[in-house]
Every structure is written in C-alpha cells, then in structure tokens.
Amino acid sequence: MLAVCAAAFAARPGFADECVRYKVLYKWGLINKQAGRATICIRSKGDRYQMSLVARSEPWADRFYTVRDTLVGEATHDGFKPLIYQKMSHEGNDDKHDVVRFEYRGETVVGHCSRRVVKKGELRVDQKQVLESVGPTVDMLSSYYYMRSLPFETWMPGSRFHLTIFSGKRKEKLTFRYHGLEDVKVGGRDYRCHHITFIFTGDGGKKTSDDMDAWITADSRRLPVQLEGKLAVGKVRCEITD
C-alpha cells in the first residue's frame, strides 16, 4: 500500500493556487453555533509551494477561550516534500511557537524541531529536539494537501494508509482509514465525497488525540468540505464556505 500511494501521489498534477475558507461550528446538544473561522491557502513560488492557515475564534467565544493561530510552511513541487513548518498560536493564556525544519538523507527524514511556550507572560517551555522517520512524513499543515492526493478511488472501505507527522513537540503516526463514498450536505449544497478518518498515535500505538473525520469531494479538486472532531465537551465541525 505504501509504495502504491507514494507512486500515485507523485503522478498527480500539482496544486493550483487557492484559498479555502471554513466556518468552525461548536456543537453540544442543542447548541450549534459558529465559534470561529479559518482560511487555508497554497501558492506556487519558484520550485516551492508556500502554505498558510489562519484561524481565530469569534468575539462571543473569545470571552471563554481565545484562539489566534497562524501556521505557515513550504514544500517542494517535486514529490511535495515539506521543507519548513511553523505554528504561532495564542490559545487561552498560552502563547506557543513551534518550528520544524526538514532534512532528507536518502530514505530518512530528519526534523529539527523547537518549541517555546509562554504562559501568562512566563516562559515555561524552551526545547529543541531531532526527530527521524522513514517514508512519507508531513506536518500538520502539509498533511491537509497530502491527503488530497491519495488515490482514494482505488481503495476499498476499511483500507488504511500510514505516514509520520512531526510537530515541535513530538513524532506521531498518522493513519488514514477509508470508509468509502458518501453524500453529504454542507452549506445547502450536496457533495459526493470520500469519507476518511484521521487516527493519531504515539509510541506503542497509544492514541495521542481523538480521531478526526473528513469528507473530501470525489472530483478533480479533492476539496475537504467538512471536518469533524470531538472535544472534551461537545464537538467541533469545520464547514467550507466557498
């Protein structure tokens, strides 16, 4: 499966410049309210792709938990290999800055990672580490585009594909589990979609976060029109607004 997916990814055409916008809904019981918004963009520049994601909570949600996240990254045109990833976030009382610089040594991918965490104005974490993996490796931003180029049309329900994901904090295994084709309605429009689940695990196969589901259009654009994940209380759903 790994070789087939890698070959199919390399054979697909490159990404066109685009910006995709989402509204972020908080759902708990009868509550279904927009809690935030996010925009994710990709641009081609020279032999690289430049990517960004900007997310923020709505004013009403700021009273409970403020979110201001900015992710930026670059990847090669050839093979879509991540080169650098940064996440600057303000969540609640925490300010975090993660950086991953990717290096390629044959089949081995090396991540030079750093993380700084400031809580209420006090530096609490200032760490550096080197992570290594073999095979497809991404970060949280480039994974959005990598998944869109997987050959879902050749998969059967229950098929799985594994890759490695680096952050400034740790190395995780990201598993895509395929459920098949489904019809979903988002923003009053009907979409025929591939339904997949993201599964994040660490050492020993222990889950590092709750699963997340995505519905990706079964057409040439492969747009994720809906993403959904659980929270400690309720769940969050991102719906495309373009």
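The local environment of CG in Asp78 is sparse, with at most 12 non-hydrogen atoms from other residues, nucleotides or ligands closer than 6.0 Å. Surrounding CZ of Arg221 are at most 12 heavy atoms belonging to other residues, nucleotides or ligands under 6.0 Å away.
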Query - Step-by-step side-chain hydrogen bond (donor to acceptor under 3.5 Å, both in side chains) determination, Thr66 to His90 - result: CA-CA 7 Å; Thr66 302; His90 174 80; 5.2 Å; no
Report task. Let me see the working for Val100 and Phe166 under side chain to side chain contact (heavy atoms under 4.5 Å, CB included), right down to the final yes or no. Result -> CA-CA 7 Å; Val100 181; Phe166 288 165; 4.1 Å; yes
Report task. Could you please spell out the steps behind the side chain to side chain contact (heavy atoms under 4.5 Å, CB included) verdict for Tyr49 and Tyr145? Result -> CA-CA 11 Å; Tyr49 289 111; Tyr145 296 100; over 6 Å; no
Query raised in the report: Would Ser89 and Arg68 count as a side chain to side chain contact (heavy atoms under 4.5 Å, CB included) if you check the C-alpha gap in whole Å, the side-chain angles of each, and the deciding distance to 0.1 Å?
Result: CA-CA 6 Å; Ser89 66; Arg68 300 288 187 275; over 6 Å; no
Report task. Let me see the working for Val134 and Val109 under side chain to side chain contact (heavy atoms under 4.5 Å, CB included), right down to the final yes or no. Result -> CA-CA 6 Å; Val134 176; Val109 183; over 6 Å; no
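Side-chain contact check for Ser167 versus Arg115: every heavy-atom pair is 4.5 Å or farther apart. Annotation: side chain of Lys87 is not in contact with side chain of Met140 (no heavy-atom distance under 4.5 Å). Between Arg116 and Val125, the closest side-chain pair of non-hydrogen atoms is not below 4.5 Å. Counting only heavy atoms from C-beta outward, the side chains of Asp213 and His195 approach each other to under 4.5 Å. By the 4.5 Å heavy-atom criterion applied to side chains, Gln226 and Arg237 are counted as neighbours. No side-chain heavy atom of Cys41 sits less than 4.5 Å from a side-chain heavy atom of Glu18.
Of all the heavy atoms in Met51 and Phe80, the pair that sits closest is SD-CZ, 3.8 Å. Smallest separation of non-hydrogen atoms from Pro82 and Val138: CG-CA, 4.0 Å. In plain terms, the two heavy atoms of His77 and Ser44 that are nearest each other are NE2-OG, 2.7 Å. Closest approach of Ala218 to Leu181, counting heavy atoms only: CB-CD2, 3.8 Å. In terms of heavy atoms, Pro157 sits closest to His179 at CB-O, 3.6 Å. Smallest separation of non-hydrogen atoms from Leu141 and Val72: CD2-C, 3.6 Å.
Look at Glu103 and Arg101 and you find no salt bridge, because none of the NZ, NE, NH1 or NH2 atoms lies under 4.0 Å from a carboxylate O. Between Asp62 and Arg56 there is a salt bridge, with a side-chain nitrogen of the basic residue lying less than 4.0 Å from a carboxylate oxygen of the acidic one. The existence of a salt bridge linking Glu153 and Arg222 is confirmed by a sub-4.0 Å separation between a basic side-chain nitrogen and an acidic carboxylate oxygen. Taking 4.0 Å as the cut-off between side-chain N and carboxylate O, Glu228 and Lys27 do not count as a salt-bridged pair.
By the criterion of side-chain heavy atoms lying less than 4.5 angstrom apart, applied directly or through intervening Ile, Leu, Val, Met, Phe, Trp or Tyr residues, Val99 is not grouped with Val110; the two fall into different hydrophobic clusters. The same ILVMFWY cluster, assembled from side-chain heavy atoms under 4.5 Å apart, contains both Leu163 and Leu150. Tyr22 and Val54 fall into different hydrophobic clusters, defined by Ile, Leu, Val, Met, Phe, Trp and Tyr side-chain heavy atoms under 4.5 Å apart, directly or through other members. Put simply, Met212 and Ile240 are part of the same group of oily side chains (I, L, V, M, F, W, Y) that touch within less than 4.5 Å, one to the next. By the criterion of side-chain heavy atoms lying less than 4.5 angstrom apart, applied directly or through intervening Ile, Leu, Val, Met, Phe, Trp or Tyr residues, Tyr65 is not grouped with Val117; the two fall into different hydrophobic clusters.
Judged by distance alone, the side chain of Thr241 and the main-chain N or O of Arg21 form a donor-acceptor pair under 3.5 Å. At least one donor-acceptor pair under 3.5 Å links the side chain of Trp60 to the backbone N or O of Gln34. Between the side chain of Thr76 and the main chain of Lys81, a donor-acceptor pair closer than 3.5 Å is present. When atom types are taken as modelled, the side chain of Gln129 and the backbone of Lys169 share a donor-acceptor pair closer than 3.5 angstrom. Side-chain atoms of Ser149 do not come within 3.5 Å of backbone N or O of Tyr146 as any donor-acceptor pair.
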Please report, to 0.1 Å, the donor-acceptor pairs under 3.5 Å made by any side chain of residues 171-178, with sequence neighbours excluded.
| from | atom 1 | to | atom 2 | distance (Å) |
| --- | --- | --- | --- | --- |
| Lys171 | NZ | Glu132 | O | 2.8 |
| Glu172 | OE2 | Thr208 | OG1 | 2.3 |
| Thr175 | OG1 | His162 | ND1 | 2.8 |
| Tyr178 | OH | His194 | ND1 | 2.8 |

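Annotation: the span from Asp98 atom CG to Cys113 atom SG amounts to 8.5 Å, rounded to 0.5 Å. The OG atom of Ser142 lies 9.0 Å from the OH atom of Tyr85; values are rounded to the nearest 0.5 Å. From Leu53, atom CG reaches atom CD1 of Ile42 across 12.0 Å, with rounding to the nearest 0.5 Å. A distance of 10.0 Å separates CH2 in Trp215 from CD in Glu239, rounded to the nearest 0.5 Å. Summarising the geometry, atom OG belonging to Ser57 is positioned 9.5 Å from atom CD belonging to Glu91; distances are rounded to the nearest 0.5 Å. How far CG of Leu131 is from CD1 of Ile165: 12.0 Å, rounded to the nearest 0.5 Å.
A side chain to side chain contact (heavy atoms under 4.5 Å, CB included) with Val225 holds for exactly one of Val186, Ile216, Val20; it is Val186. Under the salt bridge (charged side-chain N to carboxylate O under 4.0 Å, His left out) rule, Glu58 has a single partner from Arg63, Lys33, Lys23, Arg37, which is Arg37.
With sequence neighbours excluded, the residues that form a side chain to side chain donor-acceptor pair (under 3.5 Å) with Arg48 are Glu74. Scanning for side chain to side chain donor-acceptor pair (under 3.5 Å) contacts around Ser133 gives Thr137, with sequence neighbours left out.
Taking the six-membered ring where the residue is Trp, Tyr104 and Phe102 present parallel rings, their angle staying beneath 30° rather than reaching 60°. Using cut-offs of 30° and 60° for the angle between ring planes, the Phe200 and Phe198 rings count as parallel.
Residues Asp219 and Thr217 bring a donor and an acceptor atom of their side chains to less than 3.5 Å of each other.
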